[in-house]
Amino acid sequence: MPSTIALSRTYVQDPLKMGNTIAQNKRLAEQLKGKVDHLRFIVWEDSAFPDADCGLLYSALLDAFQGDKFVSVRRAGGDIFVDVLNAQLDEVYREGFAP
């Protein structure tokens with residue numbers, strides 16, 4: 001199990017901006033390689049929040065990072081500033097990453 005993990009919340013409201021968002025996330029992954037053991041993108045999807053993801057980014061990120069063991073992609077809902085990260089922290093601790 002990797003010892004260090006970086007979490008990155010991401011979303012795109014406008015499907016026309018999908019390519020730019022994927023490119024930004026790929027750049028982030030390249031920048032973090034060698035600095036952390038694993039990068040997890042958390043796509044903010046929640047129908048209760050009209051500013052959340054358009055619903056296409058999750059599968060686009062899975063495709064973009066297919067086969068890349070350094071990156072994983074998850075979805076989370078709720079408030080982007082608290083709920084999304086708290087849900088992922090619970091998952092990360094259950095998977096054995098140390099705080």
Side-chain angles (χ1 to χ4, degrees):
M1 180 59 61
S3 60
T4 59
I5 185 170
L7 301 174
S8 177
R9 296 172 297 191
T10 187
Y11 66 101
V12 62
Q13 296 169 301
D14 182 352
L16 298 176
K17 296 181 180 177
M18 185 79 63
N20 186 47
T21 301
I22 296 291
Q24 287 175 337
N25 288 326
K26 283 185 164 249
R27 282 192 299 274
L28 177 62
E30 286 304 312
Q31 290 170 351
L32 289 177
K33 283 184 179 174
K35 296 177 182 167
V36 298
D37 295 315
H38 189 76
L39 169 60
R40 177 173 296 170
F41 288 109
I42 307 139
V43 179
W44 180 43
E45 292 184 338
D46 194 323
S47 61
F49 294 88
D51 292 338
D53 188 70
C54 66
L56 303 173
L57 185 59
Y58 176 76
S59 60
L61 282 174
L62 288 176
D63 289 344
F65 290 102
Q66 185 177 18
D68 188 337
K69 301 281 187 213
F70 177 69
V71 174
S72 61
V73 183
R74 301 288 197 281
R75 288 185 267 211
D79 176 75
I80 191 170
F81 299 105
V82 177
D83 297 336
V84 170
L85 288 177
N86 284 346
Q88 289 306 303
L89 288 175
D90 280 347
E91 190 173 312
V92 164
Y93 294 145
R94 280 193 309 270
E95 292 171 0
F97 287 92

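Position 1 is the first residue of the sequence; numbering continues from there.
Taking the side chain to side chain donor-acceptor pair (under 3.5 Å) definition, one finds that Gln13 meets it with Asp51, sequence neighbours left out. Scored by the side-chain contact (heavy atoms from CB on, under 4.5 Å) test, Ser8 finds Leu28, Leu39, Phe41 as partners (sequence neighbours excluded). With sequence neighbours left out, Tyr58 forms a ring pair (Phe, Tyr, Trp, His ring centres under 6.0 Å) with no residue at all. By the salt bridge (Lys or Arg N to Asp or Glu O under 4.0 Å) test, Arg74 is found to be paired with Glu91, Glu95, residues two or more places apart in sequence or in another chain being considered.
Note that OG1 of Thr21 is 8.5 Å distant from CG of Asp53, once rounded to the nearest 0.5 Å. The CG atom of Leu32 sits 11.0 Å away from atom CD1 of Ile5, with the distance rounded to the nearest 0.5 Å.
By the 30° and 60° cut-offs, the orientation of the rings of Tyr11 relative to Trp44 is perpendicular.
His38 and Thr4 share no side-chain donor-acceptor pair at under 3.5 Å.
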Return a table of donor-acceptor pairs under 3.5 angstrom between the side chains of residues 80-89 and protein atoms on other chains or two or more places apart.
| residue | atom | partner | partner atom | Å |
| --- | --- | --- | --- | --- |
| Asp83 | OD2 | Asp79 | N | 2.9 |
| Gln88 | OE1 | Arg40 | NH1 | 3.3 |

Just list the side-chain donor-acceptor pairs under 3.5 Å for residues 61-71, sequence neighbours left out, or say none.
| residue | atom | partner | partner atom | Å |
| --- | --- | --- | --- | --- |
| Asp68 | OD1 | Phe70 | N | 2.9 |

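At least one side-chain heavy atom of Cys54 sits under 4.5 Å from a side-chain heavy atom of Met18. Put simply, the side chain of Val12 does not reach to within 4.5 Å of the side chain of Leu56, judged on heavy atoms.
Under a hydrophobic-cluster definition in which Ile, Leu, Val, Met, Phe, Trp and Tyr are linked whenever side-chain heavy atoms come within less than 4.5 Å, directly or via other members, Leu57 and Phe49 are assigned to different clusters.
Annotation: Lys33, atom NZ; neighbour count of heavy atoms from other residues, nucleotides and ligands within 6.0 Å is above 12.
No salt bridge links Arg27 with Glu30; every basic N to acidic carboxylate O contact stays at or beyond 4.0 Å.
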With side-chain contact (heavy atoms from CB on, under 4.5 Å) as the criterion, how do Val73 and Val43 come out once you've worked through the C-alpha distance, each side chain's angles and the decisive distance to 0.1 Å? CA-CA 7 Å; Val73 183; Val43 179; 4.1 Å; yes

